[in-house]
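Below is one structure, written out as structure tokens; the observations come after it.
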Amino acid sequence: MNNNETAINTRDGANASMWQAASVNNPTTNHTDQEEIYDTLIIGGGITGVTTAYLLQKQGKHCALVEAKNLGFGTTGGTTAHLNTFLDTTYPEIDSDFNEETSSLIAEGTKKIIEMINTNVQELKINADFEFKTAYLFSQDEKETKELQSILTSSQAAGVEVSEAKENDVPIPFEQALRFENQAQFHPLKYILGLAEEFERLGGKIIEQTFIHSTELREEIHYAKSDEFILKAKTIVYATHIPPGINILSLRNAPYRSYVLAVKLNNGEYPDCLAYDMQEPYHYFRSHELDGQKYLIIGGADHKTGHGDPLKAFEDLEDYARKYFDISEITYKWSSQYYVPVDGLPYVGQLPGGDKGIYVATGFSGNGMILGSLSAVLISDLILEKENPYEKLFSPSRLKPIAGFTEFVKENADVAYHFVADRFGTQIINSTHELARNDGKIVEFDGEKLALYKDDAGKVTALNPVCTHAGCIVNWNPTEKTWDCPCHGGRFSVNGHVLTGPPQKGLEPVPINEITAANKNK
Ligand code: FES
């Protein structure tokens, strides 16, 4: 862990979300007793990890939660925190890809999770700005209207509280709208920090700034290793989206980035609802009052990580927002990562191919607050050996082994990197001349690639752009100032450190300092 970098990165990108920009009380500790054998070690300090830790500790287990950076560093710090009883995977899709009983199970589970979050907020007196809201889903053309009708039928059959509406409560034209009752919103960081505080009060341990790079099972005890120390536990939960390393979940979940603006309006007419259009990708809306200031939060322009153009995504989102709202100020803008599962439902349970007693939870699409919390209930039930209706449905072992992945890894992960900076000295200097400050790019010399970044002061950092997970070439993300991998969503800082798994190792630095020293003032 590089402490300087920790101070800079309070989240997994250069843009702080509105939750992270505001001051929140962080109750965590950073010490551990290495002799202790925990019942469960939870890896990852987002909503899934913190909720799992809290639920297990509350039910008598002794747990530790370890986080590579700080609580809420990843997607929980970047979500827009909508709590819905309908998912990105629609009820008609669940009906046809699974069955109607599954739709009913999802409707019941999502409703219970909103109630659970509300109960936690009330009982623990967490000041998390939790509010029940009505949500509107609206169509804007014939095709969308047809789809909306089918969503209405399937959702009602599944038991969701939904009806046709005459309004959509946002100043955007629509053909038809649906009204979902008892949806909700909250401040995601205040919520997880409140749970974390209670977890510690109950005797749980939180260890931040500690990256677990491997685990080993010996005589029914898992040894989780960081550079600094080893933690011991009877069971392990990876609440890190995709668990690190090479595993089949990387192939069954596609990483996406979503873009968000939090804006102030000239007319002060902030929508008092949650709202969603049906475009591809869809836009999502809500309002939030933060430190006495109201904001409209608009999200959308999603694309696969490492594939789209992040600058254009922000531009498109801003154009769209300005078309319908009279914006006086864009106060916050940020992007965030989520994972879309191949069959539409999350993977939660024992890690396929992993040591017994290692659990994972991933594939939440854009519904991470709800499905992360639902996963926490499922995993804690699995560990406590209680029955849970989602065990079979969400089981990661519903995956079929994929032939060819091992070959892919063999061919790509061990690619020898032969870049010799001296050999390309003049060309590197030319490339760095062309590079603007605070920008990065992949350059190629004789078929060899190099990831170059020039900081504000003109200092250039060069990295081997071959992703350490399975050998894909990373791409520059100019909005978050990160290197993003197009294959499984691994992300790295400008210094090459891992920001988002599954890679376990950082990008290899290429020493070009002497060559570029003369270039410093360019
Ligand atoms: Fe898998 Fe980069 S994240 S190759």
Side-chain angles (χ1 to χ4, degrees), residues 9 12-13 43-44 46 68-69 73-75 78 211-214 238-258 302-308 310 335-342 347 351-354 360-365 396 399 401-417 419 440-442 444 448-451 453 462-477 480-510:
N9 287 314
D12 59 357
I43 303 172
K69 303 280 183 170
F73 179 84
T75 303
F211 181 70
I212 299 296
H213 54 69
S214 58
Y238 272 110
T240 55
H241 298 292
I242 306 297
I246 303 291
N247 60 68
I248 210 153
L249 291 173
S250 295
L251 283 192
R252 290 297 184 178
N253 291 277
Y256 279 78
R257 295 202 71 75
S258 194
D302 305 19
H303 63 73
K304 270 184 99 174
T305 302
H307 288 254
S335 64
S336 193
Q337 186 140 316
Y338 63 93
Y339 293 80
V340 176
V342 72
Y347 300 111
L351 173 66
V360 288
T362 190
F364 303 152
S365 295
L399 313 174
I402 297 174
F405 189 51
T406 323
E407 267 323 292
F408 168 79
V409 170
K410 250 193 257 152
E411 280 170 25
N412 290 278
D414 301 328
V415 179
Y417 191 70
F419 198 94
K441 71 172 172 182
I442 300 288
E444 190 167 338
E448 308 255 32
K449 291 188 168 72
L450 192 62
Y453 168 72
L463 301 167
N464 175 354
V466 178
C467 179
T468 55
H469 178 230
C472 297
I473 300 294
V474 295
N475 284 326
W476 175 241
N477 179 337
E480 297 291 358
K481 312 293 176 207
T482 54
W483 296 105
D484 295 355
C485 181
C487 288
H488 315 108
R491 299 175 59 246
F492 304 87
S493 73
V494 290
N495 296 323
H497 299 285
V498 176
L499 292 174
T500 308
Q504 289 160 295
K505 281 194 205 140
L507 297 178
E508 178 196 347
V510 177

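One-based numbering, in listed order, for ligands and for the atoms of each. Residue numbers count from 1 along this sequence.
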Taking 2.8 Å as the cut-off, does Cys472 contribute an N, O or S atom near atom 1 (Fe) of ligand 1, distance below it? no
His488, N/O/S atom nearest atom 1 (Fe) of ligand 1: ND1
Nearest non-hydrogen contact with atom 3 (S) of ligand 1 belongs to which option: Gly501, Gly490, Pro486? Gly490
Just checking Tyr453 against Trp483, ring centres under 6.0 Å apart? no
For His469, what is the atom name of its N, O or S atom nearest to atom 1 (Fe) of ligand 1? ND1
Can you confirm whether the thiol sulfurs of Cys472 and Cys485 sit closer than 2.5 Å? no
Heavy-atom donor-acceptor pair, Asn464 side chain to Val466 backbone, under 3.5 Å: yes
Does any N or O in the side chain of Thr75 come within less than 3.5 Å of the main-chain N or O of Gln337, such that one atom is a donor and the other an acceptor? yes
Of the backbone atoms (N, CA, C, O) and the side-chain heavy atoms from C-beta on, which set of Ala470 has a member under 4.0 Å from an atom of ligand 1: side chain, backbone, both, or neither? both
Give me each pair satisfying salt bridge (Lys or Arg N to Asp or Glu O under 4.0 Å) with a member in residues 486-505, each pair once, sequence neighbours excluded. Asp12-Arg491, Asp484-Arg491
Quick note on ligand 1: atoms under 4.0 Å from a heavy atom of Cys485 include exactly 2 (Fe), 3 (S), 4 (S)
Hey, is atom 1 (Fe) of ligand 1 within less than 2.8 Å of some N/O/S atom on Cys467? no
According to ring pair (Phe, Tyr, Trp, His ring centres under 6.0 Å), who are the partners of Phe492, at least two apart in sequence or on a separate chain? none
